[in-house]
Amino acid sequence: MSTRHIFDILHGMASRCRTAKIPRRQILRTITAAAVLAAVSRRGVADGTYPSRPITMINPFPVGGPLDMLARPMAERMSELLGQAVIVENVTGASGSIGTSRVARAAPDGYTLGLGYWGTHVANPAIYRLGYDVVRDFLPIAQLARGPLLLTARKTLPANNLNELIAWLKANPCTATQGTAGVGTAVHIVGLFFGKETKTCFTQIPYRGVAPAMQDLEAGHLDIMFADTAVSLPQIKAGYVKAFAVTDNKRLTLAPGIPTLGESGLPSLYFSQWYGLWAPKGTASDIVAKINAAVVAALIDPVIRRELSEQGMEVPPSDEQTPLALAALQKDEIRKWWPIIKAAGIEVEQ
């Protein structure tokens with residue numbers, strides 16, 4: 001892609017930013033991204049032609065899940081910026097570790113990238129025996145978005161607020177079911193701690209992702225579920241499922257009637273999960289820089305920001321979109337969560 005083409009695209013995006021009243025600092029970040037893309041394109045990277053063919057982003061969860069809903073508009077915008085198709089491929093199973101393993105084994109040439117989140121790059125290695133190291137075998141590119149979970153239930157469940165839900169769970173010990181996106185995923189871990197904090201017991205039912213679990217919750221085959229806002233908000237607004245609380249420390253702008261867990265007496269259950277993009281270890285630094293610049297430029301686009309906002313997600317500040325910032329976040333989360341997860345004694349069949 002020519003330097004002129006890059007600047008034309010980003011100039012149009014910057015104009016939309018001004019129209020959408022995006023802060024000046026974010027617009028300057030877009031201009032910086034344009035400069036990086038243009039500079040790298042002029043001198044070439046690796047073999048001097050990157051990217052010269054389509055790029056694959058591996059999503060380790062099913063179509064229709066929160067990571068998928070984030071990845072596809074991002075991929076479309078990045079395709080325009082990089083001048084090559086960016087294709088999202090869903091490689092599911094084992095709480096995201098199958099797709100993540102494929103990224104770890106991929107050639108470090110910038111043509112295979114890995115989407116992931118708190119579960120795949122923090123929780124999984126504390127639970128599973130993996131064939132890769134989530135820190136040493138990947139190079140961070142950028143944090144993409146973050147957002148809380150919602151505690152939801154089938155619409156026929158006889159409870160109308162969190163206290164009534166807890167009372168119902170205690171009146172029906174160990175008979176209720178909770179859907180999860182797999183052992184070790186955020187919805188599973190948060191569910192475990194919810195049970196511990198409320199002294200309730202229910203059976204965890206693992207699925208290959210949040211989307212299929214939500215389908216069974218809607219159908220009444222499950223009782224409760226902690227779910228990503230991207231998947232759960234549309235179902236809540238349509239009246240297909242109930243919502244009792246949000247795991248954030250503030251109410252959602254899109255659903256201000258849903259209280260926080262803290263407001264309901266469970267402040268220790270605050271949780272916000274984040275999503276990121278990684279490359280296999282050994283990927284050239286200038287390739288990482290070019291992909292990061294495309295991500296940053298895509299995240300400033302008002303269309304993408306609006307889509308994320310409508311899903312209950314938020315874009316991290318610009319200084320948290322760097323590879324170093326994602327690396328620091330991941331390491332901090334590992335230090336915080338590994339002792340907690342391992343102390344929970346989660347057992348899985350390997």
Side-chain angles (χ1 to χ4, degrees), residues 54-76 78 85-106 112-124 127-128 130 132 134 138 144-152 154 177-191 204-222 224-236 238 240-241 273-278 304 307-308 310-313 348-349:
I55 298 167
T56 299
M57 288 201 303
I58 301 295
N59 176 4
F61 292 98
V63 172
L67 195 53
D68 203 66
M69 296 169 73
L70 165 64
R72 293 188 182 277
M74 285 286 300
E76 181 178 356
M78 290 173 65
V86 179
I87 301 166
V88 178
E89 181 179 350
N90 301 81
V91 182
T92 67
S95 299
S97 61
I98 292 176
T100 305
S101 176
R102 178 167 160 184
V103 178
R105 298 193 308 269
T112 302
L113 307 175
L115 293 155
Y117 84 119
W118 178 90
T120 54
H121 285 70
V122 173
N124 275 359
I127 300 169
Y128 294 92
L130 303 174
Y132 55 86
V134 294
F138 301 91
L144 305 177
R146 58 193 180 202
L149 302 178
L150 286 167
L151 173 53
T152 60
R154 57 180 169 86
T177 54
Q178 182 207 343
T180 78
V183 176
T185 56
V187 296
H188 172 230
I189 300 296
V190 173
Q204 302 265 2
I205 308 296
Y207 288 75
R208 293 180 74 89
V210 174
M214 180 56 68
Q215 290 174 356
D216 269 6
L217 186 70
E218 289 179 45
H221 302 318
L222 296 169
I224 63 172
M225 180 178 171
F226 280 92
D228 311 75
T229 53
V231 173
S232 58
L233 273 177
Q235 315 312 319
I236 293 165
Y240 298 144
V241 299
Q273 68 178 5
W274 45 267
Y275 306 87
L277 184 65
W278 286 263
I304 288 181
E307 288 182 3
L308 293 178
E310 290 172 351
Q311 296 169 22
M313 299 185 197
V348 296
E349 294 183 3

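Rounded to the nearest 0.5 Å, atoms CD (Q235) and OH (Y240) are 7.5 Å apart. From E307, atom CD reaches atom CZ of R72 across 13.0 Å, with rounding to the nearest 0.5 Å. Taken to the nearest 0.5 Å, the CG atom of L144 stands 5.0 Å off from the CG atom of L70. Between the CD1 atom of I55 and the CE atom of M78 there is a distance of 6.5 Å, given to the nearest 0.5 Å. The CG atom of N124 sits 6.0 Å away from atom CG of L130, with the distance rounded to the nearest 0.5 Å. Taking CG of D216 as the reference point, atom OG1 of T177 lies at 9.0 Å (rounded to 0.5 Å).
Side-chain atoms of Q178 come within 3.5 Å of backbone N or O of V187 as a donor-acceptor pair. Looking only at distances, a side-chain donor or acceptor of T229 sits under 3.5 Å from a matching main-chain atom of Q311. When atom types are taken as modelled, the side chain of T185 and the backbone of S95 share no donor-acceptor pair closer than 3.5 angstrom. Judged by distance alone, with hydrogens and angles left aside, the side-chain atoms of R102 form no donor-acceptor pair with the main-chain N or O of I58 at under 3.5 Å.
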- Task: Show your working on side-chain contact (heavy atoms from CB on, under 4.5 Å) between Y207 and Q215 and close with a plain yes or no.
- Result: CA-CA 11 Å; Y207 288 75; Q215 290 174 356; over 6 Å; no

- Message: If you apply the rule side-chain hydrogen bond (donor to acceptor under 3.5 Å, both in side chains), what do you find for Y117 with D228, and how did you get there?
- Response: CA-CA 12 Å; Y117 84 119; D228 311 75; over 6 Å; no

- Item | Chi angles and distances behind the side-chain contact (heavy atoms from CB on, under 4.5 Å) call for M214, V241 | CA-CA 9 Å; M214 180 56 68; V241 299; 4.1 Å; yes

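When every heavy atom of A104 is checked against every heavy atom of Y132, the shortest pair comes out as CB-CB, 3.8 Å. Here the closest heavy-atom approach between residue F61 and residue R208 is recorded as CD2-O, 4.0 Å. The two residues L115 and M57 make their nearest non-hydrogen contact at CD1-CB, 4.2 Å. Annotation for P60 and G96: closest pair CB-O, 3.2 Å, computed over non-hydrogen atoms. Taking each heavy atom of Q273 and L149 in turn, the nearest pair found is NE2-CD2, 3.7 Å. Of all the heavy atoms in N59 and P62, the pair that sits closest is ND2-O, 4.2 Å.
Under the 30°/60° scheme for interplanar angles, the aromatic rings of W278 and H121 are found to lie parallel.
Heavy atoms of other residues, nucleotides or ligands lying less than 6.0 angstrom from CD of E76 number 12 at most.
With contacts defined as side-chain heavy-atom distances shorter than 4.5 Å, the pair L308/P73 does not qualify. When side chains are defined from C-beta on, V122 does not count as touching V134, because their heavy atoms never get closer than 4.5 Å. Taking 4.5 Å as the limit, every side-chain heavy atom of V91 sits out of range of all side-chain heavy atoms of T56. Within the 4.5 Å cutoff, side-chain heavy atoms of M225 are placed close to those of V210. Residues V86 and M74 fail the side-chain proximity criterion, which asks for heavy atoms closer than 4.5 Å.
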